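Input: a single structure, listed below in structure tokens.
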Amino acid sequence: MIRVVVTGACGRMGREVLKTVWQAEDMVLVGAVDVRGEGQDVGPLWGASEVGVTLQGDLEKVLAETRPDVMVDFTTPDVVAENIKTALRRGVRPVVGTTGMSSRELEEIRALAEGLGLGCVIAPNFAIGAVLMMRFAAEAARYLPHVEIIELHHDQKLDAPSGTAIKTAEVVAAARGDFLQGLPTEVEKIPGARGGSFDGGIRIHSVRLPGLVAHQEVIFGGLGQTLSIRHDSISRESFMPGVLLAIRRVMHLEGVVYGLENLLFE
Ligand code: NAD
């Protein structure tokens, strides 16, 4: 049995993870951490009756008391790196979905995990369909190098663009090689109208509206044709098979694996 603690347990993703871990036959939910709801039983967070696991605010204390194998983190960009380091220093393997970490934080975590010989999975998107979208986009970019990315999320999302959009731009840039797109003389009449510009001029546009969950369209343009590759997470259940896979696989890893594709396509 894999002993799991969930951080960010009261959040939209945290609740879904609590329920998923609770229902998994090879896992035990041993702790739940959030800065909200201290002392409450977590069962009602996913519509169940009380399950005997209560929300606590102090991660360090929860890790010491419950001795988990894995910490699953869906918190916020400002606290996630510290949570990961706290877990690693206690010998606990992090599975992380929180986006918005800086590359410097990521490097520090890589060094710490490697030094301690502990596995850690960080994935900007745990939905299998989103991982396939990125793979297909990288393939298309070899033949249709003109590309723009539109990502659409609910209006409570803290970071923009999404981690998935950045990752998509990275794989597209790597696949199409040295390439500069766009009209250098174009003028933005409203700043930001053309979106954020990634390496080589890949534009990323972020839409935020209530009603959305997590969506992305990658549009390629060529002579007389366009190709659109679109993924829609229409509910947060879409991320759960990926999270379960990561919890199971992190037990046998050493160092940081960044991106679910590295667990899916080996
Ligand atoms: P949310 O705001 O609903 O939840 C975040 C939770 O973290 C809140 O309950 C908050 O109280 C809690 N929190 C804040 N600071 C904390 C701390 N120090 N310790 C413990 N808990 C703390 O956000 P959400 O929609 O659930 O998203 C969470 C993160 O997951 C975001 O970064 C989002 O971009 C990311 N996300 C990733 C994926 C993926 O597949 N990787 C999918 C969806 C969302």
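Sequential numbering from 1 along the given sequence is applied to the chain's residues. None of these values were measured; they are calculated from a predicted model. When a ligand or atom number is given, it counts from 1 through the structure's own listing order.
From Asn262, atom CG reaches atom CD1 of Ile122 across 12.0 Å, with rounding to the nearest 0.5 Å.
Close contacts of ligand 1 with Asn125, meaning ligand atoms under 4.0 Å from a residue heavy atom, involve 39 (C), 40 (O), 41 (N). The distance from ligand 1 to the heavy atoms of Gly97 drops below 4.0 Å at these ligand atoms: 30 (O), 35 (C), 36 (N), 37 (C), 38 (C), 39 (C), 41 (N). Interface of Val79 with ligand 1, defined as ligand atoms under 4.0 Å from a residue heavy atom, comprises 15 (N), 16 (C), 17 (C), 18 (N). Residue Cys10 approaches ligand 1 through these ligand atoms, each under 4.0 Å from one of its heavy atoms: 9 (O).
Residues Arg142 and Glu139 meet the side-chain proximity criterion, which asks for heavy atoms closer than 4.5 Å. Here the side chains of Phe179 and His146 are in contact, with some heavy-atom distance below 4.5 Å. With a 4.5 Å cut-off on side-chain heavy atoms, Phe198 and Glu170 count as touching. Side-chain contact between Arg135 and Glu261 is absent, with no heavy atoms from C-beta onward closer than 4.5 Å. Between Val121 and Arg249 there is no side-chain heavy-atom pair separated by less than 4.5 Å.
Comparing Thr75, Val131, Thr86 by heavy-atom distance to atom 29 (C) of ligand 1, the nearest is Thr75. Across Val96, Asp34, Thr99, heavy-atom proximity to atom 32 (O) of ligand 1 is greatest for Thr99. With atom 9 (O) of ligand 1 as the reference point, the heavy atom nearest to it among Glu82, Gln56, Arg36 is part of Arg36.
Checked against a 3.5 angstrom limit, the closest N/O atoms of Thr7 and ligand 1 fall outside it. Considering backbone and side-chain atoms together, Pro124 places an N or O closer than 3.5 Å to an N or O of ligand 1.
Electrostatic pairing of Glu254 and Arg93 does not count as a salt bridge here, judged by no charged N lying under 4.0 Å from a carboxylate O. Salt bridge status for Glu65 with Lys61: present, with a side-chain N to carboxylate O gap under 4.0 Å.
By the criterion of a heavy-atom distance under 4.0 Å, neither the backbone nor the side chain of Ala127 is placed next to ligand 1. At a heavy-atom distance under 4.0 Å, only side-chain atoms of Phe239, from C-beta outward, approach ligand 1. At a 4.0 Å heavy-atom cut-off, ligand 1 touches Lys157 through the side chain alone.
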Query - Steps toward side-chain hydrogen bond (donor to acceptor under 3.5 Å, both in side chains) verdict (Thr164, Glu151) - result: CA-CA 8 Å; Thr164 304; Glu151 57 95 340; over 6 Å; no

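With hydrogens left out, the protein atom closest to atom 41 (N) of ligand 1 is Ala123 O, 2.9 Å, a heavy atom. The protein heavy atom nearest to atom 4 (O) of ligand 1 is Gly11 CA, 3.2 Å. The protein heavy atom nearest to atom 38 (C) of ligand 1 is Phe74 CE2, 3.7 Å. For atom 44 (C) of ligand 1, the closest non-hydrogen atom on the protein side is Met13 CG, 3.6 Å. What sits closest to atom 40 (O) of ligand 1 on the protein, heavy atoms only, is Phe126 N, 2.8 Å. For atom 23 (O) of ligand 1, the nearest non-hydrogen atom of the protein is Arg12 NH2, 3.6 Å. Protein heavy atom nearest atom 17 (C) of ligand 1, with residue, atom name and distance: Val35 CG1, 3.7 Å.
Using a 4.0 Å cutoff on heavy atoms, Ala214 does not count as a contact of ligand 1.
A side-chain contact (heavy atoms from CB on, under 4.5 Å) with Phe74 is found for one member of Val17, Val80, Val6 and no other, namely Val17. Put simply, the residue from Thr75, Asp73, Thr86, Asp34 that forms a side chain to side chain donor-acceptor pair (under 3.5 Å) with Thr7 is Asp73.
Under a 3.5 Å cut-off, the side chain of Gln40 and the backbone N or O of Leu55 do not form any donor-acceptor pair.
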